[in-house]
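Presented below is the structure to which this report refers.
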Amino acid sequence: DVVMTQTPVSLSLAIGQPASISCKSSQSLLGTSGKTFLNWILQRPGQSPKRLIYQVSKLYSEVPDRFSGSGSETEFTLKISRVEAEDLGVYYCWQGTHFPYTFGAGTKLELK
Amino acid sequence: EVQLVESGGSLVQPGGSLKLSCVASGYTFSNYWMDWVRQTPGKSLEWIGEINTDGSKTNYAPSIKDRFTISRDNAKSTLYLQMSNVKSDDTAIYYCTRTLGYWGQGVMVTVSS
């Protein structure tokens, strides 16, 4: 299985500060289609996960543009330009290139 | 608005069986692949498997293959997860998802004697 490694495990930031989360995969996520199925989701406290970013850098329509994704092959990054209160929760990367799909262990964003 | 509502979670004994359901609304159910994902008490997420639009093709995680079966009824906009020979490690919150983009609220399954 593809192992997804996220760092840091937790982040404590003040509102308005930037955030950066790393996600590394144990093998390349570039598929035979030429697409890279690396995605990000956010699980707010007490809620089910919600979609954020797909195929590395594409934001879903409802996601604020303070979020951005980048990377290739095995190294990926989620950035928040300025953290807001509604951004707290656990961020997970997951890959959909190789079966079985696998998730990172999560990065918990807390507010200072 | 896309909504996914799971049901059927309960306490089940090791070796027992359970069937989860997920009713979808707010979109054309038959147009989308569907997945099941679970979240253990330790909070990690594990993909269980997926089913194609007409139910003719499924893919499963090796960890659960041959014990769990995913099916769907497009006429009822309903997704199912049949769980058999359950183990204590199957204790988790089970989520129905539309290709891991939209998620239901989850349903708790506890395997214990």
Side-chain angles (χ1 to χ4, degrees), chain A residues 1-7 9-10 21 23 25-26 29 31 33 35-63 67 69 88-110, chain B residues 1-7 9 20 22-24 26-27 32-52 57-68 70 79 81 89-90 92-109:
Chain A
D1 297 0
V2 176
V3 176
M4 306 296 289
T5 303
Q6 282 183 241
T7 55
V9 172
S10 64
I21 299 171
C23 176
S25 57
S26 60
L29 299 185
S33 63
K35 296 180 180 179
T36 300
F37 296 99
L38 183 283
N39 315 281
W40 293 92
I41 56 176
L42 165 62
Q43 187 171 31
R44 296 187 176 99
Q47 297 185 15
S48 53
K50 287 185 167 43
R51 62 187 194 176
L52 288 178
I53 289 173
Y54 66 103
Q55 290 179 34
V56 181
S57 60
K58 299 177 182 180
L59 268 64
Y60 285 100
S61 58
E62 69 273 17
V63 177
F67 287 90
L88 72 89
V90 182
Y91 291 81
Y92 296 93
C93 61
W94 68 272
Q95 66 83 20
T97 300
H98 305 285
F99 285 121
Y101 303 154
T102 49
F103 294 82
T107 295
K108 186 174 185 179
L109 174 58
E110 300 171 307
Chain B
E1 179 192 4
V2 174
Q3 286 198 329
L4 302 169
V5 179
E6 302 96 335
S7 61
L20 306 182
C22 168
V23 177
Y27 72 101
Y32 291 85
W33 287 60
M34 298 291 292
D35 297 68
W36 285 97
V37 176
R38 66 186 180 185
Q39 187 166 35
T40 62
K43 302 298 185 183
S44 63
L45 292 162
E46 181 183 14
W47 178 77
I48 295 170
E50 63 183 7
I51 187 167
N52 71 344
K57 181 176 174 57
T58 51
N59 295 303
Y60 296 98
S63 61
I64 60 89
K65 195 172 182 180
D66 298 331
R67 295 193 303 120
F68 292 4
I70 298 174
L79 177 72
L81 178 66
D89 289 349
D90 295 324
I93 297 171
Y94 285 74
Y95 293 103
C96 158
T97 85
R98 195 184 86 175
T99 57
L100 286 85
Y102 289 98
W103 298 60
Q105 85 286 354
V107 64
M108 185 71 204
V109 173

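Order of the sequence lines fixes the chain letters, A, B, ..., with proteins taken first and strands second; residue numbering starts at 1 for each chain. Only this structure's heavy atoms are used, side chains among them; waters, hydrogens and symmetry mates stay out.
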Side chain / backbone / both / neither for L52(A) at chain B, heavy atoms under 4.5 Å
neither
Which atom pair, heavy atoms only, marks the closest approach of F103(A) to W47(B)?
CE1-N, 3.8 Å
Return the [atom1] to [atom2] distance between [X] and [Y], rounded to the nearest 0.5 Å.
X: T99(B); Y: Y101(A); atom1: OG1; atom2: OH; answer: 9.0 Å
X: L45(B); Y: W94(A); atom1: CG; atom2: CH2; answer: 11.0 Å
X: T97(B); Y: R51(A); atom1: OG1; atom2: CZ; answer: 11.5 Å

Check each atom of E50(B) against the heavy atoms of chain A and say whether the ones under 4.5 Å are side chain, backbone, both or neither.
side chain
So, Q105(B) versus Q47(A): side-chain donor-acceptor pair below 3.5 Å or not?
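Judged by distance alone, the side chains do not pair up.
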Would the distance check show the side chain of S44(B) and the main-chain N or O of A105(A) forming a donor-acceptor pair, the cut-off being under 3.5 Å?
no
With respect to chain B, which residue among G104(A), P49(A), G106(A), S48(A) yields the maximal number of heavy-atom pairs within a distance under 4.5 Å?
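If we count pairs closer than 4.5 Å to chain B, P49(A) comes out on top.
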A quick test of your reading: do over 12 heavy atoms of other residues, nucleotides or ligands sit less than 6.0 Å from NZ of K50(A)?
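Above 12, so yes.
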